[in-house]
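Computed over heavy atoms, backbone and side chain alike; hydrogens, waters and symmetry mates excluded. Protein chains get the first letters and strands the later ones, always in sequence-line order, with residue 1 at the start of each.
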2 protein chains.
Amino acid sequence: MPVPISALERETGISKEVARKWEIRYGFPCPERDENGDRLYSAKQVLSLRLIRRLLGAGMRPGKVVGLDLATLEQLAQNVTPDMVAKSSNFSTRLLETLARHDLRQLEYLLRGQLHRQGLSLFARETVARLNVIVGEAWLRGEIRVFEEHLYSEVVRGILQEAVRTVTETSGAPRVVLSTAPGELHTLGLLMANAVLSLEGACCIGLGAQTPSIEIVTAVKVCAVDVVGLSFSIAHPARESAQYLRDLRSRLDPAVDIWAGGLGVARLRRMEGVRFMSTLEEIGPAVQTWLKREIPSRART
Amino acid sequence: MPVPISALERETGISKEVARKWEIRYGFPCPERDENGDRLYSAKQVLSLRLIRRLLGAGMRPGKVVGLDLATLEQLAQNVTPDMVAKSSNFSTRLLETLARHDLRQLEYLLRGQLHRQGLSLFARETVARLNVIVGEAWLRGEIRVFEEHLYSEVVRGILQEAVRTVTETSGAPRVVLSTAPGELHTLGLLMANAVLSLEGACCIGLGAQTPSIEIVTAVKVCAVDVVGLSFSIAHPARESAQYLRDLRSRLDPAVDIWAGGLGVARLRRMEGVRFMSTLEEIGPAVQTWLKREIPSRART
DNA sequence: AAACTCATAATGTCCATGACAAATAGCGGG
DNA sequence: CCCGCTATTTGTCATGGACATTATGAGTTT
């Protein structure tokens, strides 16, 4: 049950160094030691640290939350939970139940049905966006297992990817590259953005996760890209996100837009030359604006 | 151009601690320092370290290779390169060229054509397997950019995923869960295995990357799984792979098979109760064997 | 010659402590 | 209420050392 510090780092995303510093500064987490004096963190501590990381992501400071007991942390976590979860619909309840039963076929059937009822764009913007949050929350609260979350992700990924392929436009405008920052592994957001963008007529070039900023710059140059689309999950450290965006903005041709989306952008401060989108709904207008602005100037040339 | 130690860790997969120890023990990498005394690694050092990591993966010892100059390292790397690359075909050359031109449409066209010429199984086993190695090698040698590798991966992923969906069997046998160990992000191998397995009549349950062993165990119990399929890329540390497999084997019902594949398994020692497959070709026979062994005993009950 | 055993060396991970730059908060003046 | 400044908070890096684990290779047995 107890895990060494290396596992803690993997499971919570908190580096060994930080974990040790917190122990010194705030007296938490104060793990048991094995016979060699190595730290052994309890499952409870791991859970707390996950919540803490989440709260830090929401803008709280370590000094204020590191060391609070689990109940208090959960209390606080309530407040930073997007209210999407609150209006948990009939559909999402059914989906969670299906997930808990591991009925893959049914899961796929439910999602696919919803996709066809709503159409791809609404499905991605509404249903999947909400479900992601709900499933993530359920995991954070220990209501579903890690592998169940994986299962959900894979099924949704499959459905979205299939749908996206059928609407892909190779000659559309604007040309958008999509990726995530190093360390950010969550690619569902990219796929959702890809879906919405493609339906708006854009031409999407997916680079998958974790593209270093310098590589984005090269890709932009070489592929004649108009817009760089980045997705930041709530799990990604705000500092790194900001750093990455700053870095990218400074290296990139100012004529190229940067659009940053995902739940992680809510806590970023506004930044010159970067358009934050806290919702996929904003993609449509953004594309329209871009077209209005760019098409005339291109026709001229 | 020079990068701090945290970036080195990200780019090479060598931990900060190890990098510092090597510096003390072998005098390499001996980076510049910035005005605060923090290490700054040159691009050349990063390149060397990537090669070194590769050689270590192939079984060499740090004491022998850490500190050799770049040319020598590349020399050595030649020898550990799978000979798949040697017989680089006309097709792969054309594909690399297309990739270098960033002609996505052409890239997809080429691959798709090959898929239909060969059929999914052969395409996954032969073409994609070879291309992965070739592209990886090209990156290691600095011939293609990171983002180009990403591009390649995404296109192949899309094509494979689409193809896999059309042949998915929800009531097949054996029931196989597919995933990778924590730290292993390469999921193309899973998709390839999924393709071949599905065509052999198996029922595949993909869990995506990085499922902790304990979660696999739960998934196996809950989903009535017969076989656990894991993929290990060449980049994954052999020690961790072995650790993970041992751990998994000890926790899992002995009746459940473990099949480990990917380029990373070549250097693992054989292990009781784990079947290593260095090639996707071995999947077919494995499934056949499994069916012969299990079906009679099931009919009896 | 192959297989095995065991001491020795090689190697990665962890620990403790301290330094310091960057980010943030809180304060006071415009 | 906004802006700029200082004090504090916080993460990252450095050093040096301990230790468990794993591989190596010599010596022994089959």
Side-chain angles (χ1 to χ4, degrees), chain A residues 2-10 12-41 49 52-53 55-67 183 237-243 245-247 267-271, chain B residues 2-10 12-41 49 52-53 55-67 183 237-243 246-247 267-269 271:
Chain A
V3 298
I5 196 168
S6 53
L8 182 85
E9 179 170 22
R10 239 194 298 117
T12 65
I14 293 166
S15 79
K16 301 192 252 260
E17 281 144 336
V18 170
R20 287 196 275 251
K21 267 290 177 264
W22 283 0
E23 187 180 335
I24 293 168
R25 288 180 180 154
Y26 318 117
F28 180 90
C30 190
E32 302 290 307
R33 302 296 184 120
D34 69 5
E35 67 278 8
N36 312 314
D38 290 9
R39 293 171 173 79
L40 283 180
Y41 296 88
L49 287 170
I52 287 170
R53 188 151 188 275
L55 292 172
L56 294 189
M60 303 201 181
R61 317 265 2 243
K64 307 284 175 185
V65 294
V66 176
R239 179 173 324 194
E240 282 178 37
S241 312
Q243 178 77 47
L245 285 168
R246 254 196 306 277
D247 190 40
R267 58 193 135 94
L268 296 180
R269 251 187 313 189
R270 50 176 290 106
M271 192 182 298
Chain B
V3 299
I5 196 169
S6 53
L8 182 85
E9 178 170 23
R10 233 191 304 114
T12 66
I14 292 165
S15 81
K16 301 192 253 257
E17 280 144 339
V18 170
R20 287 195 276 249
K21 270 287 179 263
W22 284 359
E23 187 180 337
I24 293 170
R25 288 181 180 153
Y26 317 116
F28 180 90
C30 189
E32 302 289 307
R33 303 294 185 122
D34 67 6
E35 68 279 7
N36 313 313
D38 290 9
R39 292 171 174 79
L40 283 180
Y41 295 88
L49 287 170
I52 287 171
R53 186 150 189 279
L55 293 173
L56 294 189
M60 304 202 181
R61 315 261 10 237
K64 308 281 176 185
V65 294
V66 175
R239 179 176 321 202
E240 281 179 37
S241 312
Q243 178 76 47
R246 255 196 304 277
D247 190 41
R267 57 190 134 97
L268 298 180
R269 252 187 314 190
M271 192 182 297

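- Shown here are the salt bridge (Lys or Arg N to Asp or Glu O under 4.0 Å) partners of Asp247(B), two or more places apart in sequence or in another chain: Arg251(B).
- Comparing the end axes of the helix from dA1(C)-dT30(D) to dG30(C)-dC1(D), each fitted to five base pairs by superposing C1' atoms of four pairs onto the next four, gives an inter-axis angle of 30° (nearest 10 degrees).
- For the residue pair Arg53(A) and Thr12(A), the shortest heavy atom distance occurs at CD-O, 2.9 Å.
- Atom pair Met60(B):CE and dA23(D):C1' shows a separation of 16 Å (rounding to whole Å applied).
- For Glu35(B) and dA19(C), the CD to P distance is 19 Å, given to the nearest whole Å.
- Atom CG in Asp34(B) sits roughly 11 Å away from atom C1' in dC20(C) (whole-Å rounding).
- Contacts of Arg246(A) classified as side-chain contact (heavy atoms from CB on, under 4.5 Å), with partners at least two apart in sequence or in another chain: Ala242(A), Gln243(A), Met271(A).
- Considering every non-hydrogen atom in both Val3(B) and Leu8(B), the closest pair reads CG2-N, 4.3 Å.
- Across all their heavy atoms, Gly63(B) and Tyr26(B) have their closest contact at CA-CE2, 3.8 Å.
- When the side chain to side chain donor-acceptor pair (under 3.5 Å) test is applied to Glu32(B), no partner is found at least two apart in sequence or on another chain.
- Glu32(B) has its CD atom 14 Å from the P atom of dA14(D), to the nearest Å.
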Distances under 3.5 Å between protein N/O atoms and the N/O atoms of nucleotides 11-18 of chain C, please, pair by pair.
from: dT11(C); atom 1: OP1; to: Pro62(B); atom 2: N; distance (Å): 3.3
from: dT11(C); atom 1: OP1; to: Gly63(B); atom 2: N; distance (Å): 2.7
from: dT11(C); atom 1: OP2; to: Tyr26(B); atom 2: OH; distance (Å): 2.7
from: dT11(C); atom 1: OP2; to: Gly63(B); atom 2: N; distance (Å): 3.3
from: dT11(C); atom 1: O5'; to: Tyr26(B); atom 2: OH; distance (Å): 3.3
from: dG12(C); atom 1: OP2; to: Trp22(B); atom 2: NE1; distance (Å): 2.7
from: dG12(C); atom 1: N7; to: Arg25(B); atom 2: NH1; distance (Å): 3.0
from: dG12(C); atom 1: O6; to: Arg25(B); atom 2: NH2; distance (Å): 3.0
from: dC14(C); atom 1: OP1; to: Ser6(A); atom 2: OG; distance (Å): 3.0
from: dC14(C); atom 1: OP2; to: Lys16(A); atom 2: NZ; distance (Å): 3.2
from: dC15(C); atom 1: OP1; to: Arg39(A); atom 2: N; distance (Å): 2.7
from: dC15(C); atom 1: OP1; to: Arg39(A); atom 2: NH1; distance (Å): 3.0
from: dC15(C); atom 1: OP2; to: Arg20(A); atom 2: NH1; distance (Å): 2.4
from: dC15(C); atom 1: OP2; to: Arg39(A); atom 2: NH1; distance (Å): 3.2
from: dC15(C); atom 1: O5'; to: Arg39(A); atom 2: NH1; distance (Å): 3.1
from: dA16(C); atom 1: OP1; to: Arg33(A); atom 2: NH1; distance (Å): 3.4
from: dA16(C); atom 1: OP1; to: Arg33(A); atom 2: NH2; distance (Å): 3.4
from: dA16(C); atom 1: OP2; to: Arg39(A); atom 2: NH1; distance (Å): 3.2
from: dA16(C); atom 1: OP2; to: Arg39(A); atom 2: NH2; distance (Å): 2.7
from: dG18(C); atom 1: O6; to: Lys21(A); atom 2: NZ; distance (Å): 3.0

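- By the side chain to side chain donor-acceptor pair (under 3.5 Å) test, Ser241(B) pairs with His236(B), sequence neighbours left out.
- Salt-bridge annotation for Lys16(B) and Glu9(A): absent, with no side-chain N of the basic residue lying under 4.0 Å from a carboxylate O of the acidic one.
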